[in-house]
Number of protein chains: 2
Amino acid sequence: MAAKKYDETKYPPFAVTADLVVLTLREGRLCVLLIQRGGSPFEGQWALPGGFTHVDEDIEAAAYRELAEEAGVGERDVVLEQLRTYGAPNRDERMRVVSVAWLALGADLPEARAGSDAADARWVPVEEALSQDLAFDHREILTDGLERGRAKLEYSSLATAFVREPFTVGELREVYEAVWGTRIDPRNFHRKVTGAEDFLAETGARTARGGGRPAMLYVVGPATQLHPPVLRRG
Amino acid sequence: MAAKKYDETKYPPFAVTADLVVLTLREGRLCVLLIQRGGSPFEGQWALPGGFTHVDEDIEAAAYRELAEEAGVGERDVVLEQLRTYGAPNRDERMRVVSVAWLALGADLPEARAGSDAADARWVPVEEALSQDLAFDHREILTDGLERGRAKLEYSSLATAFVREPFTVGELREVYEAVWGTRIDPRNFHRKVTGAEDFLAETGARTARGGGRPAMLYVVGPATQLHPPVLRRG
DNA sequence: AGAATAGTGTCTTTCAGACATTATGTT
DNA sequence: AACATAATGTCTGAAAGACACTATTCT
């Protein structure tokens, strides 16, 4: 087969967006960042933060940029992981848009503030966010992001993204309890995470906040996988 | 904030491709479908099958279409799962291309035949495919696809995508051994998969191929998750 | 001393991993 | 009967889950 000249006009134009499921814990509850749309379509409705990728910009860089612009969150404040790409032909009425969705997890992220295109921005407990209509297919994206996050806690060190270092075993357990919405036996949990190879690294320091025995403080160990896993159900 | 008119020219054009990691077992070896590029760039080099998404086409439909055009594989023959999206600015020299990669698993797929844009097509054992230079960032995509497939065997029923129904426990074990490149104790494996709730459904029928005790034949059960999981390492 | 919170220990059941034996077909 | 392959059984150690106790601080 002969080599042929490439004709750019043959290939149809798409817009590519980065949409973000940003999760954090606020007062022991798992919350997602939602922004209220300032313009059409879906004006006034709540949506996930996100926006268009520039033509010379890496898709991951676009996610970080939107995180900064729309959530005021810097690269160092979160763990970012690609979630999935959504590309139904009519998911955006304006034009053909393919959305690369990302999951961003952070510890105690700052109070939401509305970015350029947003009328408002707030942290919403995830059950509440799922119980309302969101713009576009953002409800599906949020559902997928939550399931991914919950599943990854089992076998990875992702839970540590939700706490600031150094942290205690009890704080880490509260992460699991908040994300899964379950109770975990503190004694078995302690045995498990301190026993897992390279998962936690002792700092030697202890908490000093009064009202009880001080807790040992840990930082994240070199392991990215948690073996054996912490299982959600019996 | 006032509603503003949407200006399509503000948003830069991307091309969106569907690239496929198509895996099957051939003679007990895990193989991936590679095509030899007929045109530039990377003319003559081996690459994953794939192509451009049409502007009115769902991204998953594009994956199925490319699967049919470039691999001669129908929707019913494979399990298709989205892998990840690759969008570095210069991954394609011709223009800005974002590639949505898919993982397709099938049982005993047909002999490869070159599609429209391909000079050649063949099934290549995965280790061999990884040891050569592939076009674009396809080596990275293949690596990610293999890791995803291997990981999902542990806790899902994905392995059944590699066998035709009805199948024996031994055939299913051979899938795990080929994909993981390990040996598995047949007795422990049998106990595990037959004990897992809703994972396999007995047909009542048995093999009749001679030379030994006939094996029970199973079809896939209603469970999509495998609990407890089959673990790769001790 | 008492309250509060952190950490350790024990028992039982389940399951993984190693290995031997029995079952059911063909030639 | 010999052979070949499938299925089941047993033992041991690791880890999960339930539960009680000890340790260290502050007031």
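Side chains are part of it too, since the values below use all heavy atoms of this structure and drop only hydrogens, waters and symmetry mates. So that the names make sense, note that chain A is the first sequence line, chain B the second, and so on, each numbered from 1.
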Pair Arg84(B) + Glu140(B), salt bridge at N-O below 4.0 Å: no
Closest listed nucleotide, where the reference is the side chain of Arg191(A) and the choices are dA7(D), dA18(D), dA15(D): dA18(D)
Touch class at under 4.0 angstrom, heavy-atom based, for Pro186(B) against every strand present: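 No contact at all - Pro186(B) keeps every heavy atom at 4.0 Å or more from the nucleic acid.
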Qualifying salt bridge (Lys or Arg N to Asp or Glu O under 4.0 Å) pairs with a residue from residues 155-165 of chain A, counting only residues at least two apart or across chains: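 Listed by first then second residue: nothing to list.
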Polar side-chain contact Arg187(B)-dA7(D) base: donor and acceptor under 3.5 Å: no
Qualifying residues under salt bridge (Lys or Arg N to Asp or Glu O under 4.0 Å), relative to Asp137(B), sequence neighbours excluded: Arg91(B)
Rounded distance (Å) that lies between atom P of dT24(D) and atom CE of Met216(A): 12 Å
Contacts of type salt bridge (Lys or Arg N to Asp or Glu O under 4.0 Å), residue Glu111(B), not counting sequence neighbours: Arg26(B)
Shortest non-hydrogen contact between Val16(B) and Val100(B), atoms and distance: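 Distance-wise, the nearest heavy atoms are CG1-CG2, 4.2 Å.
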Within residues 162-184 of chain B: residues closer than 4.0 Å to DNA chain D (heavy atoms): none
Interatomic distance where NE2 belongs to His190(A) and C1' belongs to dT5(C) [whole Å]: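 Distance check: His190(A) NE2 to dT5(C) C1' gives 12 Å.
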5' priority, DNA chain C, between Val230(B) and Asp185(B) [closest heavy atom]: Val230(B)
For atom CG of Asn188(B) and atom P of dG13(D), their distance in whole Å: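 After rounding, the gap between these two atoms is 16 Å.
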Results of salt bridge (Lys or Arg N to Asp or Glu O under 4.0 Å) for Arg148(A) - residues two or more places apart only: Glu81(A)
Test item: Phe189(A) and Leu172(A) side chains (from C-beta on) under 4.5 Å apart, heavy atoms: yes
Whole-Å distance separating the CZ atom of Phe189(A) from the P atom of dA15(D): 17 Å
Parallel, tilted or perpendicular: rings of Phe136(B) and His138(B) (30°, 60°): tilted
Polar atom pairs between nucleotides 25-27 of chain C and protein, under 3.5 Å, N or O only, would you list them?
from: dG25(C); atom 1: OP1; to: Arg206(B); atom 2: NH2; distance (Å): 3.4

Minimum-distance pair of heavy atoms, taken over all atoms of Trp180(B) and Arg150(B):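 For Trp180(B) and Arg150(B), the tightest heavy-atom pair comes out as NE1-O, 3.0 Å.
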Nearest-angstrom distance from the residue atom CG of Leu200(B) to C1' of dA6(D): 15 Å
Atom-pair distance (CG on Leu231(A); P on dT14(C)), nearest Å: 16 Å
